[in-house]
Amino acid sequence: MSDQNSTILAGIDGGGTGCRVAIADADRNILGTAKGGPANPTYTPQQARDNILAAIDAARLDAGLDQAAIKSARAYVGLAGIRNDADAEFIAEILPFKQAKVVEDRATTVTGALAGGDGAVAAIGTGSFVARSTGDTTNYVGGWGFRLGDQASGAWLGHNLLKQVILCADGVDPHSDLTRETLVKYDNNPHTVYEFSNGATPAEFGELAPLVVTAANKGDPVATGLMREGADYIVKALNTLGYRPDEPLCLTGGLGPHYANFLPASFARQVVMPKGSALDGALLLASMMGDAS
């Protein structure tokens, strides 16, 4: 193995919507990147493996590296849905790297956002979790997946939007512009909503979240209520973790930043831009891995 190959790092970030791969040198200078399909092994395990492998190879080609360089690399992989050693091994066993650590994406997200420093992170994408780091300790709330949690997430917003659409269609609650617009997407037929919801994945529910965000920014009462409910959960989770209002707060993920306008002022004024992404966190953690014997 050449010295050049021994310095290759790989970072992988994956969830219910897609995965991203970055290949870098020992100083974390990016050599190549790629995006792939959904990579949460909880819902589509074989698809997750296939998508990760395809994205790794695309990143390798983007970096102009041969297979030997990839086989020499140290990789850190953060994926939604990794909750035990068996899940981690299911992914790790197919990876082409010399060393690979597979963990839940919470660790890579927090590491990237805070760059190893102190503070709190509310990571709100297709799924969700909230974390607080102080010193060498990071504690978490959430991350239990769509069926048990993921409050404030894209999947949660989309699912709750459709629940409200049905209440409106039944005449229990009055329609808003958002619920009418959403029902039109399903041919103005509540039974079509029913059929979709019975088979929808978290990612498919999450595709409705931008409708909620856009409508909330226009003052739609249903959308505003959903965003406020999500923000209330973020506050409760932060308080549970002992968050202090003088600590930095990063809102990450595709939806996280959209909650800033719905948080209480004491929390909103502490919001700062993340120092990096989950992919940056994966690369930083990969750079800290020791050489295998």
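One is the number of the first residue; the rest follow in order along the sequence.
To the nearest 0.5 Å, atoms OH (Tyr259) and CE (Met227) are separated by 4.5 Å. We find the CE-NZ distance between Met289 and Lys101 to be 8.0 Å, quoted to the nearest 0.5 Å. Taking OG1 of Thr179 as the reference point, atom CG of Asp177 lies at 8.0 Å (rounded to 0.5 Å). Atom CG of Asn51 is separated from atom OG1 of Thr44 by 7.0 Å, given to the nearest 0.5 angstrom. Put simply, CG on Asp105 and CG on Leu79 are 7.0 Å apart, with the number rounded to the nearest 0.5 Å. The CD1 atom of Ile30 sits 11.5 Å away from atom CG of Asp27, with the distance rounded to the nearest 0.5 Å.
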Inset, instruction - Start with the C-alpha gap between Arg20 and Ser277, add the side-chain angles, then the distance that decides, and say whether side-chain contact (heavy atoms from CB on, under 4.5 Å) holds. - result: CA-CA 11 Å; Arg20 299 179 298 155; Ser277 67; 3.9 Å; yes
Inset, instruction - Start with the C-alpha gap between Arg49 and Glu93, add the side-chain angles, then the distance that decides, and say whether salt bridge (charged side-chain N to carboxylate O under 4.0 Å, His left out) holds. - result: CA-CA 10 Å; Arg49 298 213 296 191; Glu93 66 186 7; 2.9 Å; yes
Inset, instruction - Could you check Leu208 against Lys185 for side-chain contact (heavy atoms from CB on, under 4.5 Å), going step by step and ending with a plain yes or no? - result: CA-CA 10 Å; Leu208 297 169; Lys185 289 173 60 66; 3.7 Å; yes
Inset, instruction - Any chance you could lay out the side-chain contact (heavy atoms from CB on, under 4.5 Å) test for Phe196 and Glu204, step after step, and finish with the verdict? - result: CA-CA 9 Å; Phe196 168 80; Glu204 288 171 330; 4.0 Å; yes
Inset, instruction - May I have the step-by-step check of side-chain contact (heavy atoms from CB on, under 4.5 Å) for Asp57 and Gln67, ending in yes or no? - result: CA-CA 9 Å; Asp57 203 51; Gln67 293 285 359; 3.5 Å; yes
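The shortest non-hydrogen separation linking Ala107 to Leu285 is O-CD1, 4.3 Å. Contact record, Val110 with Ala131: CG2-CB, 3.6 Å, taken as the closest heavy-atom pair. Nearest heavy-atom pair, Ala34 versus Ala55, reported as atom, atom and distance to 0.1 Å: CB-O, 3.4 Å. Closest of all the heavy-atom pairs between Ala122 and Ile234 is CB-CG2, 4.0 Å. When every heavy atom of Thr224 is checked against every heavy atom of Phe262, the shortest pair comes out as CG2-CE2, 4.3 Å. Here the closest heavy-atom approach between residue Arg28 and residue Ser287 is recorded as NE-OG, 3.9 Å.
Of the possible polar contacts, none joining the Arg132 side chain to the Arg244 backbone as a donor-acceptor pair under 3.5 Å is found. Side-chain atoms of Arg83 come within 3.5 Å of backbone atoms of Gly143 as a donor-acceptor pair (strictly under, hydrogens ignored). The backbone N or O of Ala68 sits less than 3.5 Å from a side-chain atom of Asp66, completing a donor-acceptor pair. Between the Ser72 side chain and the Ala69 main chain, a donor and an acceptor come within less than 3.5 Å of each other. A donor-acceptor pair under 3.5 Å is absent between the side-chain atoms of Asn139 and the main chain of Ser133, judged by distance alone. Using modelled atom types, one side-chain atom of Asn217 and one backbone atom of Val213 make a donor-acceptor pair closer than 3.5 Å.
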Under 3.5 Å donor-acceptor pairs involving side-chain atoms of residues 151-165, not counting sequence neighbours:
from   : atom 1 : to     : atom 2 : distance (Å)
Ser153 : OG     : Thr126 : O      : 3.1
Ser153 : OG     : Asp150 : O      : 2.6
Ser153 : OG     : Ala155 : N      : 3.4
Ser153 : OG     : Trp156 : N      : 3.0
Asn160 : ND2    : Trp156 : O      : 2.8
Gln164 : NE2    : Asp173 : OD2    : 2.9

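Side-chain atoms of Ile8 and Asp25, non-hydrogen and from C-beta on, never get closer than 4.5 Å to each other. You'll find the side chain of Phe205 reaches within 4.5 Å of the side chain of Phe146, heavy atoms only. Considering only heavy atoms from C-beta on, Leu114 stays 4.5 Å or farther from Lys275 through its side chain. A heavy-atom distance below 4.5 Å is not found between the side chains of Val141 and Phe129. Contact annotation: the side chain of Cys168 never approaches that of Val172 to less than 4.5 Å [non-hydrogen atoms, C-beta and beyond]. Considering only heavy atoms from C-beta on, Leu249 stays 4.5 Å or farther from Val272 through its side chain. When side chains are defined from C-beta on, Pro38 counts as touching Gln47, because their heavy atoms get closer than 4.5 Å. The shortest distance between side-chain heavy atoms of Pro41 and Ile91 falls below 4.5 Å.
Applying the ring-ring contact (aromatic ring centres under 6.0 Å, His included) test to every pair with at least one member in residues 163-184, sequence neighbours left out, gives no pairs at all. Pairs of residues two or more places apart, or lying in two chains, that qualify as ring-ring contact (aromatic ring centres under 6.0 Å, His included) and include a residue from residues 223-256 are Tyr243-Phe267.
Ile23 and Leu61 are assigned to two separate hydrophobic clusters, defined by single-linkage of ILVMFWY side chains at heavy-atom distances under 4.5 Å. No continuous path of hydrophobic side-chain contacts links Leu279 to Leu95 [ILVMFWY only; heavy atoms under 4.5 Å]. Cluster annotation: Phe90 and Ile12 are assigned to the same hydrophobic cluster (Ile/Leu/Val/Met/Phe/Trp/Tyr, side-chain heavy-atom contacts under 4.5 Å, transitive). Hydrophobic clustering keeps Leu251 apart from Val121 (ILVMFWY residues linked when any side-chain heavy atoms are closer than 4.5 Å, directly or through intermediates). Under the 4.5 Å side-chain heavy-atom criterion for Ile, Leu, Val, Met, Phe, Trp and Tyr, Ile82 and Ile94 are members of the same hydrophobic cluster.
Using modelled atom types and a 3.5 Å distance limit, the side chains of Ser176 and Asp220 yield a donor-acceptor pair.
Residue-environment remark: CG (Asn29) exceeds the threshold of 12 foreign heavy atoms within 6.0 Å. Heavy-atom contacts from other residues, nucleotides or ligands closer than 6.0 Å to CZ of Arg180 number more than 12.
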